[in-house]
Amino acid sequence: MEELEAIRVQKLSQIRELGHDPYPTFYRYTHSIGQAIEDFGPKSGEELEQNPATVRVAGRILAHRPFGKAGFLALSDGEGQVQVYAKKDQLPERGFQLYQLLDLGDFIGVEGTLFRTRTGELTVLAKEITFLAKCFLPLPEKWHGLTDVEIRYRRRYVDLAVNRDVRAVFVKRSIIIRELRRFLDDRGYLEVETPILHPIAGGALAKPFKTHHNALDMNFYLRIAPELYLKRLIVGGLNRVYDLNRIFRNEGISTRHNPEFTMLEFYQAYSNYTDLMDLTETMITGIAEKVCGSRVVKYDEHEIDFNKWTRLSMKEAIVKFCPEKIDEEALKDRATVERLLKQVHAEYDPRMPLGNLVGILFETVAEDHLIQPTLIYDYPIELSPLSKVKSNDPAMVERFELYIGAMEIANGYSELNDPVDQRDRFLAQLQARERGDEEAHEMDEDYVRALSYAMPPTAGEGIGIDRLAMLLTNSASIRDVILFPHLRPE
RNA sequence: GGGCCGUUAGCUCAACUGGCAGAGCAACUGACUCUUAAUCAGUAGGUUGGUGGUUCGAUUCCACCACGGCUCACCA
C-alpha cells in the first residue's frame, strides 16, 4: 500500500540525513551467516566470553523484537539466519539511530561480538550497523507467511526470501542437475550444445512453438527435442554425448506440464536399450541417494523405494493391471483391444493403428499403478518412429520408459540406424499428419542423409528433469520446481 | 479448451437465511536494555478482483469478464 511505502521512503531520507550511504556498493563480511554458525555454534557462552570473537555478517532483517533502548533482529542471508542484539550503550549514537529507522526486509551489515543469550541462542552483539538497502514494500506476515500460490509464483523473490523450504527445493534441483552432469562426465560423456532454433521440429511427437528469423527470412521452431542433432554427432564419431537444456512444447499447462521444461538427453554408441535400462537404474538410484540422503523417498502418500526396481514389457504391464483376465496374445487382436478400451472407458480414434490403441490401453490401465521405479519396455512401432525394431517381432521396437510415482520420468531406446527404414517411418508419420495428427513427425532429409553415412548401433535416452525434481522434492506441481512458471499477465 | 472451486486490509483469515465489513500479524504513536509468534496501551488502514443486474438495502443472490487452483484431454 502507498501509505506503508511512503513511510519507508521517508525513513530512507532520514537514514541519508544521518550520514549513512542509502545504497552502498559493497559490504565486506567475514563470515556468511552459515559459516558463523558452523564456526561458533559449538562454543558455549563461557568460551565465547573468554575468547571474544568479532564477526561481520550481512543479510535481510526478517524479524524485529524491540525493547526501547535495545532490540533483537533476525538476520538472514538466505542460506543461514542469526540473531542480532542491538543495544544503545554498545552502538555509536548514529548507529543506534539507524537501528531505530530499520524495517523488516531491509538489508544491513553488522559487526559485533558473538555471545549467548540467557536462553542460549548464539547472537551477534552489534558494535556497528551498516545500512545496505531499504525494503519499501512490506514482507508477508511472520507466522503464516506467504501461501497464496499466485503471489508466490508471480513474486518468487518474496517467496524465496521468506519461505525456507521453497529455497530448499531449488537447491535440491540444482544438486540433481549437477550430479547428473557428474555421473555422465565420469563415464566419458561429452556435454554438447545443439540448436534450439530448428528448421524442422523433430525428435519427438509434440506441437512446437513457431518463430521467425528476419535476416534469413525463414521460420524456425523452438526445439521439441535435441535428439536428431545428437545422433548426427554420433554419426560424426562423438560416441557419448549429452545435452541438458530447455525444451519447448506448445501444449497445455498442468501440474505436470510447463511449456518450457528441462530435459537431459544422452546417447551412447555401441549399446542398446538394455544397457541404458541398467544405466538408468544406477543413475537414478544414485541421484536419489545424493539428493535425499536415502534410497527410500517420500512422495505424496507413497514411499518410493529405489532398492526395488521392476521391469515389465508393455504387454506384461497391461496383462497385469487389466481388470479382465487376458493373455498377451489377445493384444494382437484389434477387436479384443477395442473391446477392452471400451470396457475401461478410454477414448480413442477408431482410425488409429493397433499399436496406438495398445498404447492407450497401457496408459489407461497401467500407468496409475506404476508408483515404484518401473521400467516399461518394448513399445508398439507406431508410437516410436525413431526406435529400432525388435528382431523377433516387427510390430514392436526396443524402447523403454521409466515410471515413478505414476509419472513418466524417462524414455530411451535402441536408435534406428537403417536409413531406408528411417525414411519409410518418416513417410508413415507424414501419412499420420495427413490424417490430422498435428504431432506426427515431419520428414527430415538431412537426418536420413546423416544415417546414410552410417551410424553405429546406438542407444539414447531422455530424462525429464522437472519431474525428477518433483519426485525428489516431494512437489505436487511442476510449478513448484520451476522458479518462474508461466502465468497470464496480472 | 471442458468441468468444479476460489478471489474480503500489506500478509493469513472471519462476517448466519441479504441488514452499519471484522480479527491476528505487519504499520504508526507511547512504555520497556536477554527477546524469540516479546509484552502492554492507543491510532490508522477497505470502491469486498472488474462490469452490469435483482433489491429499500448486495461481501452475500444472478449474468458476463479477468486472474488463479484442482481436474480431464495431450505429453516429458
Side-chain angles (χ1 to χ4, degrees), chain A residues 1-8 10-11 45 62-74 81-91 96 103-105 115-121 123 125 135-155 158 162 203-207 224-225 246-265 345-348 359-360 363-364 367 383 401-404 407-412 437-439 461-470 476-479 485 487-490:
Chain A
M1 218 191 104
E2 284 172 22
E3 187 190 322
L4 296 172
E5 209 175 332
I7 291 165
R8 293 185 176 204
Q10 174 59 29
K11 282 186 186 174
L62 289 186
H64 183 206
R65 296 177 287 276
F67 282 87
K69 296 179 189 66
F72 292 93
L73 299 170
Q81 191 171 314
V82 73
Q83 181 168 262
V84 172
Y85 188 30
K87 227 175 154 183
K88 187 167 186 185
D89 57 21
Q90 294 289 322
L91 280 165
F96 192 74
D103 282 297
L104 294 184
F115 75 106
R116 284 194 182 277
T117 60
R118 217 170 270 161
T119 52
E121 180 162 346
T123 301
L125 176 62
C135 177
F136 294 121
L137 300 175
L139 288 180
E141 186 226 335
K142 61 186 169 189
W143 189 238
H144 300 92
L146 179 64
T147 57
D148 183 301
V149 287
E150 185 173 350
I151 303 178
R152 285 187 43 228
Y153 297 152
R154 288 194 197 279
R155 304 184 208 168
V158 178
V162 301
L205 308 178
K207 283 180 218 153
I224 56 173
R246 211 65 57 78
I247 298 292
F248 307 86
R249 297 191 182 173
N250 204 342
E251 290 163 354
I253 294 178
S254 79
T255 48
R256 294 179 177 192
H257 300 85
N258 197 60
E260 54 179 304
F261 62 101
T262 302
M263 185 142 81
L264 165 65
E265 278 204 16
H345 309 293
E347 280 178 35
Y348 65 96
I360 293 171
E363 283 169 16
T364 312
E367 237 180 50
L383 302 173
E401 290 196 353
L402 167 60
Y403 284 86
I404 311 176
M407 280 193 293
E408 202 179 324
I409 301 287
N411 176 20
D437 183 352
E438 284 181 72
E439 297 183 355
E461 178 170 346
I463 297 181
I465 301 303
D466 309 85
R467 289 192 183 167
L468 185 60
M470 285 170 69
S477 169
I478 199 167
R479 293 180 206 97
L487 300 174
R488 288 195 169 84
E490 284 181 76

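Every chain is numbered from 1 and lettered A, B, ... according to where its sequence line falls, protein lines coming before strand lines. Computed from heavy atoms alone, side chains included, the values below leave out hydrogens, waters and symmetry copies.
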Kindly determine whether A/Glu260 and A/Arg246 satisfy salt bridge (Lys or Arg N to Asp or Glu O under 4.0 Å), including the steps that lead there. CA-CA 6 Å; A/Glu260 54 179 304; A/Arg246 211 65 57 78; 2.6 Å; yes
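- B/G50 and B/U59 have their P atoms separated by 10 Å, with the value rounded to a whole Å.
- Residues A/Leu383 and A/Gly359 share a closest heavy-atom pair of CD1-CA, 3.9 Å.
- Between A/Thr255 and B/U71 there is a side-chain N or O to OP1 or OP2 distance below 4.0 Å.
- Summarising the base pairing, B/G1 is matched to B/C72 through a Watson-Crick or G-U wobble pair whose two defining distances lie under 3.5 Å.
- Here the separation of B/U33 from B/C67, taken at their C1' atoms, is 49 Å to the nearest Å.
- Nearer the 5' end of RNA chain B, as judged by each residue's closest nucleotide, is the contact made by A/Pro489, out of A/Pro489 and A/Ile463.
- Formation of a donor-acceptor pair under 3.5 Å by the A/Asp466 side chain with backbone atoms of A/Phe261 is not found in this model.
- Of the side-chain N and O atoms in A/Arg8, none sit less than 4.0 angstrom from OP1 or OP2 of B/A26.
- Residue A/Lys11 places at least one side-chain N or O under 4.0 Å from the OP1 or OP2 atom of B/C28.
- Annotation: B/C11 and B/C4 have their P atoms spaced 29 Å apart (nearest Å).
- Across the C1' atoms, B/A15 and B/G19 are found 12 Å apart, a figure rounded to whole Å.
- A/Gly462 comes within contact range of no nucleotide atom at all, as no heavy-atom separation falls under 4.0 Å.
- OP1 or OP2 of B/A38 lies within a sub-4.0 Å distance of a side-chain N or O belonging to A/Arg65.
- Dashed line: the shortest gap from a side-chain N or O of A/Arg488 to OP1 or OP2 of B/A66 is not under 4.0 Å.
- Within the 4.0 angstrom heavy-atom criterion, no nucleotide atom of any strand lies near A/Ile465.
- Backbone-only contact: A/Arg154 has heavy atoms under 4.0 Å from sugar-phosphate atoms and none from a base.
- Among the heavy atoms of the strands, none lies under 4.0 Å from A/Glu490.
- Only the C1' atoms considered, B/A58 is 29 Å distant from B/C70, to the nearest whole Å.
- Between A/Arg249 and A/Met263, the closest heavy-atom pair is NH2-CE, 4.1 Å.
- Panel note: side chain A/Arg8, backbone A/Cys135; a donor-acceptor pair is recorded below 3.5 Å.
- To the nearest whole angstrom, the two C1' atoms, one in B/A14 and one in B/U8, are 9 Å apart.
- Dashed line: the shortest gap from a side-chain N or O of A/Lys142 to OP1 or OP2 of B/A27 is not under 4.0 Å.
- If you check every strand for non-hydrogen atoms under 4.0 Å, A/Phe96 touches nothing.
- No contact: A/Arg155 has no heavy atom under 4.0 Å from any strand.
- Map A/Glu347 and A/Ala70 each onto its nearest nucleotide of RNA chain B; the residue landing nearer the 5' end is A/Ala70.
- Among the heavy atoms of the strands lying under 4.0 Å from A/Asn258 is at least one base atom, whether or not backbone atoms are also near.
- Note on ring orientation: taking the six-membered ring where Trp is involved, the planes of A/Phe115 and A/Tyr85 are tilted (angle from 30° to 60°).
- One P atom belongs to B/A23, the other to B/A41, and the distance between them is 14 Å to the nearest Å.
- The phosphate of B/U12 (OP1 or OP2) has a side-chain N or O of A/Thr147 nearer than 4.0 angstrom.
- Of the candidate nucleotides B/C70, B/C74, B/U35, B/C70 has the atom lying nearest to any side-chain atom of A/Arg479.
- Going from the P atom of B/A27 to that of B/A63 covers 43 Å, rounded to whole Å.
- Distance from the side chain of A/Ser477 is smallest to B/C70 among B/C70, B/C34, B/C67.
- Within 6.0 Å of NZ in A/Lys88 there are 12 or fewer heavy atoms belonging to other residues, nucleotides or ligands.
- Looking at heavy-atom distances under 4.0 Å, A/Ile151 makes contact with sugar-phosphate atoms alone, never a base.
- Nucleic acid contact for A/Asp89: base, since at least one base atom lies under 4.0 Å from a heavy atom of the residue.
- Residue-level contact check: A/Gly464 touches neither bases nor backbone, having no heavy atom under 4.0 Å from any strand.
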